[in-house]
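Working notes, structure below.
To find a chain, count down the sequence lines: A is the first, B the second, and so on, and within it residues start at 1.
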2 protein chains.
Amino acid sequence: MEVLMGVGKGGLKAGNKPDILVILLPHPCTASFLFTTNHFKSASVIYSERVLRERDTIRALVINSGNANCGVGEEGIIHAEMMARETAKHLDIDYREVLVFSTGIIGKPLPIESVLEGIASACRILEPLDLKRASEVISTTDRFPKYAFVKKGALEVFGFAKGAGMIHPQMATMLSFIFTNAEVEGDVLRKLHREINERTFNSISVDGCTSTNDSFGIISLGFMKEDLENLRQSLEEVSLSLAKKIVEDGEGATRIIKVVVKNASISLKAKTIAEKIATSNLVKTAIFGRDPNWGRIVASAGSTPFPIDQFKLRVYIGSHLVYDGKPHPKAVESAKKYLEENREIEITLDLREGKESWTYYTSDLTYDYIKINAEYTT
Amino acid sequence: MEVLMGVGKGGLKAGNKPDILVILLPHPCTASFLFTTNHFKSASVIYSERVLRERDTIRALVINSGNANCGVGEEGIIHAEMMARETAKHLDIDYREVLVFSTGIIGKPLPIESVLEGIASACRILEPLDLKRASEVISTTDRFPKYAFVKKGALEVFGFAKGAGMIHPQMATMLSFIFTNAEVEGDVLRKLHREINERTFNSISVDGCTSTNDSFGIISLGFMKEDLENLRQSLEEVSLSLAKKIVEDGEGATRIIKVVVKNASISLKAKTIAEKIATSNLVKTAIFGRDPNWGRIVASAGSTPFPIDQFKLRVYIGSHLVYDGKPHPKAVESAKKYLEENREIEITLDLREGKESWTYYTSDLTYDYIKINAEYTT
């Protein structure tokens, strides 16, 4: 009674690499999914949202990479349904229990015949879910597979994801699927899911661009009872681990930047300021240049609708206090050394006005980001 | 009875270049100023805002480049007042009629003694305002001076500006000053100013980063009566010309991108979507790569809070219709040629739902942007 997977080739990726993944659940499972808030969304997202409007248990997922099934007109929705029906037919289940996901290039119609052939062959040989392999099959520009799991006593939480560019989820990264053996009711799972998402996938950015295909699901396999707080912690741990891997793999990235805004009056303010710093091209190029340019950090922090008191706030790069109402040139020297020597950089802004904090993750902006995105042609 | 200027050296720029500009108006003039909405703002902005709270006529401006007088503690405000007092002393006017502006690096205290010496020498020799020279003196990373003028009958409108990076005004670019010989009352001028600003300096972006020092002023010299609509048109013409020059000089830019969103239900929607496209790193790198990647354009357009109908909208690159609910691969071919052959690129999104439109200007995102901003150290 475990999660099974099948791999196929739909002819979507260069070099005839596997690009179709089918996931079969042991029985109809309670699932919660969050999709991109982009209004220009993939036909596969539109299709899967419709499925979940009718039911909150699902039996299988079918995922293609290499093509986003997006911007191709109404035909895309028909293609998504054909993918669900093909999957259901071979697995002998109801097609209305199958969700469809796509990731890759926008604006090219799916070569549906070869995709259906890929699905058929994927369903032919099913094996236990291999997280690493699953992530590899759905990857596009990713440099490494992304997966994570925790086991605490009998509780198991495990998941896989893909994503490296067009990352500024207004919900989740491109694609991320997390499973738990714990039993949770649909409403409880959905509430938990939204909370966890806000602090994990909704708190990362590579380039400030929100994808058309973002999807993040949590699936409860329902084999055991578990304390809700324990479950929440484990789900958040796996989500955050996957989210951080996406930032680490950010297109062209040489540094992971952790932005912490603390002691804010309300958490929305902390999040808004952290996000503004994390999406500043000037901050991101400064970190690439190993330059402790706190001027760019405070200039970003000041440019949200939330007021800040420039004579009260403190800025740390690593543990180095570079500004506290006035500059500290000596600390800037040591911060420069810190930037040169560490791969994971921490920037902390202490607003000194309240008790709320937020953490946001991003990557630096480099020549390679430009290279990847200027030379990736349609 | 004309506008006079003086140039001095305050030791702020490398190579002992002039970095102090003093402007003397022929008499107290009605003026409207808009300043950055950044909460972390320059002490010079704080000082000038205070001056304008007490009066709406001014007699002189003193501007330094090479140092933003920002993030240096309360001392910065004292320095700004010292600059105003030194200017007033040498010009024999009231220091409360002098506005102070600074642009340059954040977080370094002004070497106030040499700045005051520079002001004294600037006031010693006054000559008629030379727009090109004035722009050069206040420039920092600018590659060329920015100035514009129109003369329609007896009406004259002329101005100068500086700015190339940290450009996403929530009001105006770094510094821009426009003069007119027409007489306008303070309240009327301020209303006109806000309207013009919204469609010019508030509709450009180089890197999505809002400066701490942005200031944009319109000064009425009051020598003649003029029809208000004529005046509005001429002021907007000069403003837009200066704003576009800033985008053209955008750090590392090889292309100017004009984003037009038309036939929206309300103008705020048109502006929000145009701004989202214009600030997308993925769109900007695609244009640098001469790639007609309309997928990135629609993905940006969809990621604002305003709904769009993906099956109804049309996307043009130049005059090439690349998407109208479905892709047009042949138009993409010709759009590629258009991107290769033109320096000024037009992207049009037709929402086909209403009558409002907005135009936003930006530049492409290139290796040189990264170079300039990763290698410019504090």
(request) Give, for atom CD1 of A/Ile308 and atom NZ of A/Lys269, the distance between the pair rounded to the nearest 0.5 Å. (result) 8.0 Å
(request) Decide if the gap between the ring center of A/Phe288 and the ring center of A/Tyr367 is smaller than 6.0 angstrom. (result) yes
(request) Consider only side-chain N and O atoms of B/Thr254 and B/Arg290, and report whether a donor and an acceptor are under 3.5 Å apart. (result) yes
(message) Less than 4.5 Å to any heavy atom of chain A: does that hold for the side chain of B/Pro329, its backbone, both, or neither?
(response) neither
(request) Tell me, for B/Ile46 versus chain A, whether the close heavy atoms (under 4.5 Å) come from the side chain, the backbone, both or neither. (result) side chain
(message) With chain A as the partner, which of B/Ala286, B/Pro307, B/Gly325 has the greatest number of non-hydrogen pairs under 4.5 Å?
(response) B/Pro307
(message) With chain A as the partner, which of B/Val72, B/Thr366, B/Asp364 has the greatest number of non-hydrogen pairs under 4.5 Å?
(response) B/Thr366
(request) Return the option, out of A/Val283, A/Thr304, A/Leu365, A/Thr285, with the maximum number of heavy-atom pairs under 4.5 Å with chain B. (result) A/Thr285
(message) I need the residue from B/Lys326, B/Lys284, B/Glu74 with the largest number of non-hydrogen atom pairs under 4.5 Å to chain A.
(response) B/Glu74
(request) Return yes when atom CD of A/Glu49 has more than 12 non-hydrogen atoms of other residues, nucleotides or ligands closer than 6.0 Å, and no otherwise. (result) yes
(message) With no hydrogens and no angle check, just 3.5 Å: does a side-chain donor-acceptor pair link A/Asn69 and A/Ser42?
(response) no
(request) Please state whether the side chain, the backbone, both or neither of B/Tyr323 comes within less than 4.5 Å of a heavy atom of chain A. (result) side chain
(message) Between A/Lys337 and A/Glu341, does any NZ, NE, NH1 or NH2 come within less than 4.0 Å of an OD or OE carboxylate oxygen?
(response) yes
